[in-house]
Amino acid sequence: MGLSDREQEVFAEIESQLISDDPKFASQMQMNAQGPLRRFSTRNIVLGVLTATIGIVVLLTGVTIDAIWLGIVGFIVMGGGIYLATKRTTKPPSKSGRRGGSGSSKSNHGFMEGLESRWDERRRQQ
């Protein structure tokens with residue numbers, strides 16, 4: 001579903017006002033729109049949480065048995081897990097995990113465009 005002419009004019013006006021008010025921010029937004037998006041990876045989040053949990057267990061075990069070195073190792077493992085969970089990737093998400101796609105759109109669309117295409121597809125089926 002495209003924007004009406006009036007909506008496009010309003011967006012163009014907002015964009016030109018943004019460029020005149022804060023050109024540095026506007027250029028950053030243009031670079032982000034053209035460059036790769038940095039996304040959270042579900043795989044990294046799961047592995048990071050599991051690693052951090054193992055690190056907490058090792059840390060608590062080290063504290064419990066008075067092994068400072070084991071506590072330090074557990075803390076390092078926990079920190080590594082947190083880092084892994086919050087690490088962003090520029091790799092686009094795989095399309096193999098998607099359900100319900102029509103297969104007609106092979107290009108990588110944005111989130112809103114994907115929602116709009118699914119909405120249009122449902123409307124056509126009714």
Side-chain angles (χ1 to χ4, degrees):
M1 177 177 187
L3 297 175
S4 69
D5 291 336
R6 175 68 183 136
E7 290 169 331
Q8 288 178 355
E9 290 172 12
V10 170
F11 277 127
E13 185 179 319
I14 291 171
E15 181 182 13
S16 64
Q17 187 176 7
L18 174 65
I19 290 171
S20 66
D21 289 347
D22 195 353
K24 184 178 177 182
F25 178 72
S27 68
Q28 283 180 333
M29 290 296 103
Q30 286 175 343
M31 283 182 10
N32 286 340
Q34 296 168 354
L37 280 176
R38 299 183 60 83
R39 303 171 186 252
F40 286 110
S41 167
T42 306
R43 178 177 171 264
N44 284 355
I45 292 171
V46 170
L47 288 176
V49 168
L50 288 175
T51 305
T53 303
I54 291 170
I56 290 171
V57 169
V58 171
L59 177 107
L60 291 176
T61 303
V63 169
T64 303
I65 64 171
D66 263 347
I68 294 175
W69 65 272
L70 191 59
I72 292 171
V73 169
F75 183 78
I76 291 171
V77 170
M78 182 180 64
I82 292 170
Y83 170 76
L84 182 62
T86 59
K87 184 177 149 186
R88 291 180 181 239
T89 179
T90 56
K91 185 178 175 183
S94 66
K95 295 185 181 188
S96 62
R98 286 192 177 170
R99 288 183 277 148
S102 64
S104 62
S105 173
K106 296 291 183 188
S107 63
N108 188 13
H109 290 292
F111 176 73
M112 290 302 294
E113 292 166 346
L115 287 177
E116 288 175 358
S117 66
R118 282 187 242 155
W119 175 259
D120 291 340
E121 194 173 312
R122 287 181 186 154
R123 299 273 305 201
R124 276 185 252 129
Q125 289 176 354
Q126 291 177 353

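For this chain, numbers begin at 1 and follow the sequence in order.
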Exercise for the section: Kindly determine whether K87 and Y83 satisfy side-chain contact (heavy atoms from CB on, under 4.5 Å), including the steps that lead there. Expected result: CA-CA 6 Å; K87 184 177 149 186; Y83 170 76; 4.1 Å; yes
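- Here the straight-line distance linking atom CG of D22 with atom CD of Q17 works out to 12.0 Å at 0.5 Å rounding.
- Looking at residues two or more places apart in sequence or on another chain, you find a side-chain contact (heavy atoms from CB on, under 4.5 Å) between R6 and S4, E9, V10.
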Result block: side-chain N/O donor-acceptor pairs under 3.5 angstrom for residues 48-67, not counting sequence neighbours:
unit_1 : atom_1 : unit_2 : atom_2 : d
T51    : OG1    : L47    : O      : 2.7
T53    : OG1    : V49    : O      : 2.7
T61    : OG1    : V57    : O      : 2.7
T64    : OG1    : L60    : O      : 2.6

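- Remark: Q8 pairs with L3, D5 by the side-chain contact (heavy atoms from CB on, under 4.5 Å) rule, at least two apart or across chains.
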Please list, one pair per line, the donor and acceptor atoms closer than 3.5 Å that link side chains of residues 74-81 to other protein atoms, with sequence neighbours excluded.
none

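- For E7, the CD atom sits in a packed shell: over 12 heavy atoms of surrounding residues, nucleotides or ligands are nearer than 6.0 Å.
- Residues forming a side-chain contact (heavy atoms from CB on, under 4.5 Å) with Q125 (at least two apart in sequence, or on another chain): E121.
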